[in-house]
Amino acid sequence: MRVSFNRHGPFYRLQRRLGLLTDTDLAAGRRAALFVAVGWIPALVLAAFQGFAIDAHPERAILLDYSAYAYAFAIVAFVLMEQSSDQRMAQLVGQFEDRGIVPPTSRSGFAKARANMERRTGSWLAEGLILVLAYLLSWLWLTKAPMAAAGGTWHGRMVDGTLQPTLAGWWAMLVALPLYWFLLGRWLWRFVTWGLMLYEIARCDMRLVATHPDRCGGLAFMGQYPKTYVLFVLAESTVVSATVLKLVVHGDASLMGFKFALIGMIVFFAIAFVAPLAVFAPRLVALKHAGLAHYGSLASQHNIAFEKKWISATRALPAEEMLGSPDPSSMADFAAGYELIKRMLPVPVTLESVMPIVLAAVLPLICVAATQIPLAQILEQVKTLLPV
């Protein structure tokens, strides 16, 4: 049975009951459009009704709020990635058996790890807590922004220390923002369940080969998993960038003042989505040490025999005898195998694994920087940071 990240849990079953998806079709595009329409179109209509669609003060105009667009984009991204993630994760997990990495004796443990992941992903308790947290964060967002703006915002204002939300503010607090935070929380929880599944798989017996040309014992295919979260990183970077853009364009803040925080965000994303693969490090490090010991011993014995036969012989051997002999070729094979083991990676991660995540995090930041710095200059700086 194919592993799935997205076909479990009460929210999935609710959508299926409402006819928004089926067990064979996640209808990601249609649901993404519907969620954005339900979340933000009513907010726009209510804001226009109360005169908060356009205003001379940007913080009191929903159409000038970059964050509103970013939240809507993030909702679309979170829904769209369900389809691609299901396909990619199923392919990656299936590779363990297709490549013969999981022997028959470990198949029960492997199946249990998959079942545990699906059970955790579909947890009622987890989704319930995520929903509660989504409303809490939405309330904090709604109350904080009006306090920072002297004249209030399109979603509310403070009067005698009491928050008075606008109609659009109420809709944002009850529908639009909780939807964003809930979808975000579900993906973070899936990320946790994926890491736990990898941990359980790493504890199973596996057939890994020290001389595998991928330099990861045969696990290099797992380095493709961070690509599953490219849309997620792009969405979150867009939300952060929209906040920075508001402060720079409307708040007269300096873009350079956010430099270290934004660099830290990029580094965090790169490390966070590679970290789960570290569960294979003990197995790969042990495989490398064992491989070097075994191949070192075999190479020594082989080369001693080679020298005894071809170099230290008491009689002169005709050069023609070496032509066509397999001895030099086998010595080269031993050397190549030993060199492969020496170059083994402690985790199945390469630059190709990380770069899509980094580029997804950087792209929205480039758009923000382009409002203050010529684009050609930005691209020149980015080019110097990329590997040749």
Q.
Would you say Leu14 ends up clustered with Phe182 if hydrophobic residues are merged whenever their side chains have heavy atoms under 4.5 Å apart, either directly or through other cluster members?
A. yes
May I have the list of side-chain donor-acceptor pairs in residues 193-211 shorter than 3.5 Å, sequence neighbours left out?
from, atom 1, to, atom 2, distance (Å)
Thr193, OG1, Thr121, OG1, 3.3
Thr193, OG1, Arg190, O, 2.8
Glu200, OE1, Asn116, ND2, 3.3
Glu200, OE2, Arg120, NH2, 2.7

Q. Any sub-3.5 Å donor-acceptor pair from Lys288's side-chain atoms to Lys342's backbone N or O?
A. yes
Q. From Ile101 CD1 over to Leu219 CG, what is the distance, rounded to the nearest 0.5 angstrom?
A. 5.0 Å
Q) Is there a side-chain contact between Leu177 and Trp139 (heavy atoms, below 4.5 Å)? A) no
Q. Are a donor atom and an acceptor atom from the side chains of Gln15 and Arg31 found within less than 3.5 Å of each other?
A. yes
Q | Main-chain N/O of Asp25 paired to Thr22 side chain as donor or acceptor, under 3.5 Å | A | yes
Q: Could you walk me through whether Leu34 and Val38 pass side-chain contact (heavy atoms from CB on, under 4.5 Å), step by step?
A: CA-CA 6 Å; Leu34 176 63; Val38 170; 3.9 Å; yes
Q. Parallel, tilted or perpendicular: which fits the ring planes of Trp187 and Tyr229, with parallel below 30° and perpendicular above 60°?
A. perpendicular
Q: State plainly whether one hydrophobic cluster holds both Leu64 and Phe49, where clusters connect Ile, Leu, Val, Met, Phe, Trp and Tyr through side-chain heavy atoms under 4.5 angstrom apart.
A: yes
Q. Which value, rounded to the nearest 0.5 Å, describes the distance between Leu234 atom CG and Ser241 atom OG?
A. 9.0 Å
(Q) Looking at Glu352, I'd like to know if its CD atom is crowded, meaning that more than 12 non-hydrogen atoms belonging to other residues, nucleotides or ligands lie closer than 6.0 Å. (A) no
**Q.** Spacing of Leu363 atom CG and Thr238 atom OG1 [to the nearest 0.5 Å]
**A.** 7.5 Å
Q | Residue pairs fulfilling side chain to side chain donor-acceptor pair (under 3.5 Å) with at least one residue in residues 163-180, sequence neighbours excluded | A | Tyr180-Glu236
Q: State, with a plain yes or no, whether a side-chain heavy atom of Val362 is found less than 4.5 Å away from one of Ile266.
A: yes
Q | Side chain proximity check, His155 to Trp141, heavy atoms < 4.5 angstrom | A | yes
Q. Which heavy-atom pair separates Pro226 from Phe273 by the least distance, and what is that distance?
A. CG-O, 3.6 Å
Q | Which atom of Ala168 lies closest to which atom of Ala43, heavy atoms considered | A | CB-O, 3.4 Å
Q.
Can you give me the closest heavy-atom contact between Val347 and Ala281, atom names plus distance?
A. CG1-CB, 3.9 Å
**Q.** ILVMFWY cluster, Ile271 and Leu359 together (side-chain gap under 4.5 Å)
**A.** no
Q: Give the cluster check for Val285 versus Leu292: same hydrophobic cluster or not, with ILVMFWY residues linked at side-chain heavy-atom distances below 4.5 Å.
A: no
Q: May I ask you to test the Glu59-Trp154 pair for a side-chain heavy-atom distance under 4.5 Å?
A: no
Q: Check Trp181 against Ser138 and note the closest heavy-atom contact, atom names and distance.
A: CD1-OG, 3.5 Å
(Q) Using the ring centroid of each side chain, check whether Phe191 and Phe232 are separated by less than 6.0 Å. (A) no
Q | Chi angles and distances behind the side-chain contact (heavy atoms from CB on, under 4.5 Å) call for Leu21, Tyr12 | A | CA-CA 9 Å; Leu21 49 74; Tyr12 169 78; 3.5 Å; yes
(Q) Check whether Tyr69 reaches the backbone of Leu63 with its side chain - one donor and one acceptor, N or O, closer than 3.5 Å. (A) yes
Q) Shortest non-hydrogen contact from Ala70 to Val239? A) CB-CA, 3.8 Å
Q) Would you say the side chain of Phe258 lies within less than 4.5 Å of the side chain of Val248, judging by non-hydrogen atoms? A) yes
Q. Taking side chain as C-beta onward, heavy atoms only, is Trp40 less than 4.5 Å from Tyr71?
A. yes
Q. Would Leu183 and Phe11 satisfy side-chain contact (heavy atoms from CB on, under 4.5 Å), going step by step from the backbone distance to the final call?
A. CA-CA 10 Å; Leu183 294 176; Phe11 187 58; 4.1 Å; yes
Q.
Taking Arg119's backbone N and O only, do any of them form a donor-acceptor pair with Ser123's side chain (distance below 3.5 Å, no angle check)?
A. no
Q: Decide side-chain contact (heavy atoms from CB on, under 4.5 Å) for Met344 and Cys216; before the verdict, give the C-alpha distance in whole Å, the side-chain angles of both, and the deciding distance to 0.1 Å.
A: CA-CA 6 Å; Met344 274 188 67; Cys216 297; over 6 Å; no
Q.
So does Val233 get a backbone contact from the side chain of Ser237, meaning a donor-acceptor N/O pair under 3.5 Å?
A. no
Q: Please name the residue in the list Arg7, Arg13, Arg16 that meets the salt bridge (Lys or Arg N to Asp or Glu O under 4.0 Å) test with Asp23.
A: Arg16
Q. Roughly how far apart are Asp214 CG and Leu345 CG, rounded to 0.5 Å?
A. 8.5 Å
**Q.** Under 3.5 Å: donor-acceptor pair, side chain of Arg343, backbone of Arg215
**A.** no
Q | Heavy-atom side-chain contact between Arg186 and Glu82 under 4.5 Å | A | yes
Q | Straight-line distance of Leu125 CG to Ile130 CD1, nearest 0.5 Å | A | 9.5 Å
Q) Same cluster for Tyr135 and Leu129 if Ile/Leu/Val/Met/Phe/Trp/Tyr side chains link at under 4.5 Å? A) no
Q) Rounded to the nearest 0.5 Å, how far apart are CG of Leu174 and CG of Leu179? A) 12.5 Å
Q. If we only count heavy atoms from C-beta on, is the Leu142 to Pro165 side-chain gap below 4.5 Å?
A. yes
Q. Do we see a donor-acceptor contact under 3.5 Å between the side chains of Asp55 and His57?
A. no
(Q) Under 6.0 Å between ring centres: does that hold for Phe96 and Phe221? (A) yes
Q. Which heavy atom of Arg30 sits nearest a heavy atom of Leu20, and at what distance?
A. NH2-O, 3.2 Å
Q: Without swapping roles, check the side chain of Ser106 against the backbone of Val102 for a donor-acceptor pair under 3.5 Å.
A: no
